[in-house]
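Keep in mind that what you see is a predicted model, and the values were worked out from it rather than measured. FYI, side chains are in, hydrogens and waters are out, and symmetry mates aren't considered; it's all heavy atoms of this structure. In each ligand, atom 1 is the first atom listed, and ligand 1 is the first ligand listed.
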Amino acid sequence: MLFPIDYSDRKETGRTGERVSAIGLGTWSIRNYENALKVFIYAVENGIDNVDTAEIYDAGRAEEFVGRLARMVGRDRLFITTKIHPSHLVDKYRVVKAAKKALARMGLRYVDLYLIHWPNPSMSISRQVMNFEVLVDEGLTRYIGVSNFDRAELEEALSSTRKAEIVVDQVRYSVRHREPEYGLLEFAIRNHVTLQAYTPIEHGLVAKEKLLSEIGSKYGKTPIQVALNYLISRPRVIAIPKTENMDHLREILGAMGWRLRAEDIEVIEENM
Ligand SMILES: NC(=O)c1ccc[n+]([C@@H]2O[C@H](COP(=O)([O-])OP(=O)(O)OC[C@H]3O[C@@H](n4cnc5c(N)ncnc54)[C@H](OP(=O)(O)O)[C@@H]3O)[C@@H](O)[C@H]2O)c1
């Protein structure tokens with residue numbers, strides 16, 4: 001097996017000492033915000049406490065939605081992550097301006113975690129990270145992190161901070177998309193960086209995987225639940241699927257509270 005099994009459904013963010021649910025919810029491509037609100041409230045009432053959004057999702061409407069959710073359930077019950085468009089990273093003034101706009105959309109004073117959505121290819125990693133750090137100084141976020149940074153980029157980001165630490169790298173990771181297992185995850189574990197796995201159920205396509213269905217039948221679990229459990233069984237990995245469907249949410253919730261056995265994780269590692 002590539003990594004020891006992490007049995008906890010509460011995962012530490014970086015080395016902040018703060019734990020959040022091993023599964024959070026994404027907000028990309030929400031079709032009906034009213035339905036989604038009901039589903040997200042149910043999720044919070046049933047143990048999910050972290051949500052992910054970004055300024056570019058639905059031109060700011062996803063951030064507005066997360067703000068609405070926070071007002072419904074109570075700000076202190078949510079760990080909110082949002083992401084800045086890399087074009088704002090050119091100077092500190094623009095970083096702050098973009099974040100204040102995002103916070104105004106959400107109706108919040110601060111978020112818990114702000115990520116660079118992807119590296120700005122026209123700037124050095126160190127310059128963008130240094131500009132980004134200002135958000136912690138200004139009290140607009142509690143923590144910072146990155147997204148879509150590969151191992152080398154993450155390493156550079158970690159060594160570029162002056163005061164704040166990079167606590168998260170949000171990357172694509174699923175049973176069908178396992179790149180993080182070839183270097184990045186091992187590096188993240190060693191450096192106490194949490195990986196948020198996006199597109200963790202491949203837009204629902206993992207439901208059709210015969211192997212996951214066979215494995216799941218031994219536990220009374222569905223392929224979606226096996227696919228998510230595989231991810232959260234990794235140290236430092238949080239999965240952030242998106243759903244606005246109550247049945248899908250219940251299925252997602254059933255991915256926590258148990259673990260695949262090592263031999264089944266190995267079968268997935270070797271055959272997918
Ligand atoms: N950092 C980045 O660059 C980046 C990139 C992509 C995504 N993300 C984040 O990660 C989140 C998740 O990724 P994603 O939305 O790309 O993909 P995903 O979570 O793998 O798939 C979401 C899709 O799967 C469906 N679904 C959810 N639960 C299901 C279930 N139990 N059975 C069958 N289908 C189900 C959803 O439809 P229903 O809503 O109808 O359930 C939705 O269409 C995003 O929302 C976003 O917050 C970040």
Practice prompt. Would you sort out whether Y173 and R234 count as a side chain to side chain donor-acceptor pair (under 3.5 Å), showing the intermediate values?
Written response: CA-CA 11 Å; Y173 183 21; R234 302 311 203 185; 3.3 Å; yes

Fill in: Residue pair Y198, D52: steps toward the side chain to side chain donor-acceptor pair (under 3.5 Å) verdict
CA-CA 10 Å; Y198 74 70; D52 174 71; over 6 Å; no

Discussion item. As a quick check of understanding, evaluate ring-ring contact (aromatic ring centres under 6.0 Å, His included) for Y57 and F65, giving each step before the final call.
Written reply: CA-CA 11 Å; Y57 295 170; F65 166 78; over 10 Å; no

Discussion item. Evaluate Y33 against E64 for side chain to side chain donor-acceptor pair (under 3.5 Å), listing each step before the verdict.
Written reply: CA-CA 10 Å; Y33 286 98; E64 284 170 17; over 6 Å; no

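Any N or O atom pair closer than 3.5 Å counts here, and T53 shares no such pair with ligand 1. Between D52 and ligand 1, a contact under 3.5 Å exists for at least one N or O pair. Polar contact with ligand 1: present for I201 (N/O pair, distance under 3.5 Å).
No continuous path of ILVMFWY side-chain contacts below 4.5 Å connects L25 to V168, so the two sit in separate hydrophobic clusters.
Taking all heavy atoms of W28, W118, Y198 into account, the minimum distance to atom 4 (C) of ligand 1 is reached by Y198. Comparing heavy-atom distances from atom 17 (O) of ligand 1 across T243, T199, N148 singles out T199 as nearest. Nearest to atom 22 (C) of ligand 1 by heavy-atom distance, out of R176, K242, H177, R31, is K242.
Closest to atom 21 (O) of ligand 1, if we only count protein heavy atoms, is H203 CA, 3.2 Å. For atom 35 (C) of ligand 1, the closest non-hydrogen atom of the protein is H248 ND1, 3.4 Å. Nearest non-hydrogen protein atom to atom 31 (N) of ligand 1 is E251 OE1, 3.0 Å. In terms of protein heavy atoms, atom 12 (C) of ligand 1 is closest to I240 O, 3.0 Å. Distance from atom 8 (N) of ligand 1 to its nearest protein heavy atom, with residue and atom name: Y57 OH, 3.3 Å.
Those atoms of ligand 1 with a heavy atom of G204 less than 4.0 angstrom away are 24 (O), 34 (N). Set against the non-hydrogen atoms of N245, the atoms of ligand 1 under 4.0 Å away are 41 (O). Below 4.0 Å from some heavy atom of I252 lie the following atoms of ligand 1, by number and element: 28 (N).
At least one heavy atom of H117 lies less than 4.0 angstrom from ligand 1. Remark: distances from the non-hydrogen atoms of S29 to ligand 1 are all 4.0 Å or more.
Between the side chains of Y219 and N229, not a single donor N or O lies within less than 3.5 Å of an accepting N or O. Side-chain atoms of S122 and N120 include a donor-acceptor pair closer than 3.5 Å. For E165 and H192, the side-chain atoms include no donor-acceptor pair closer than 3.5 Å.
Residues V146 and I125 are not in side-chain contact: their nearest non-hydrogen atoms beyond the backbone lie 4.5 Å or more apart.
In T27, the part holding a heavy atom less than 4.0 Å from any atom of ligand 1 is the backbone.
Between the side chain of E63 and the backbone N or O of L103, no donor-acceptor pair lies under 3.5 Å.
The pair D169-R151 fails the salt-bridge criterion, with no side-chain N (NZ, NE, NH1 or NH2) lying under 4.0 Å from an Asp/Glu carboxylate O.
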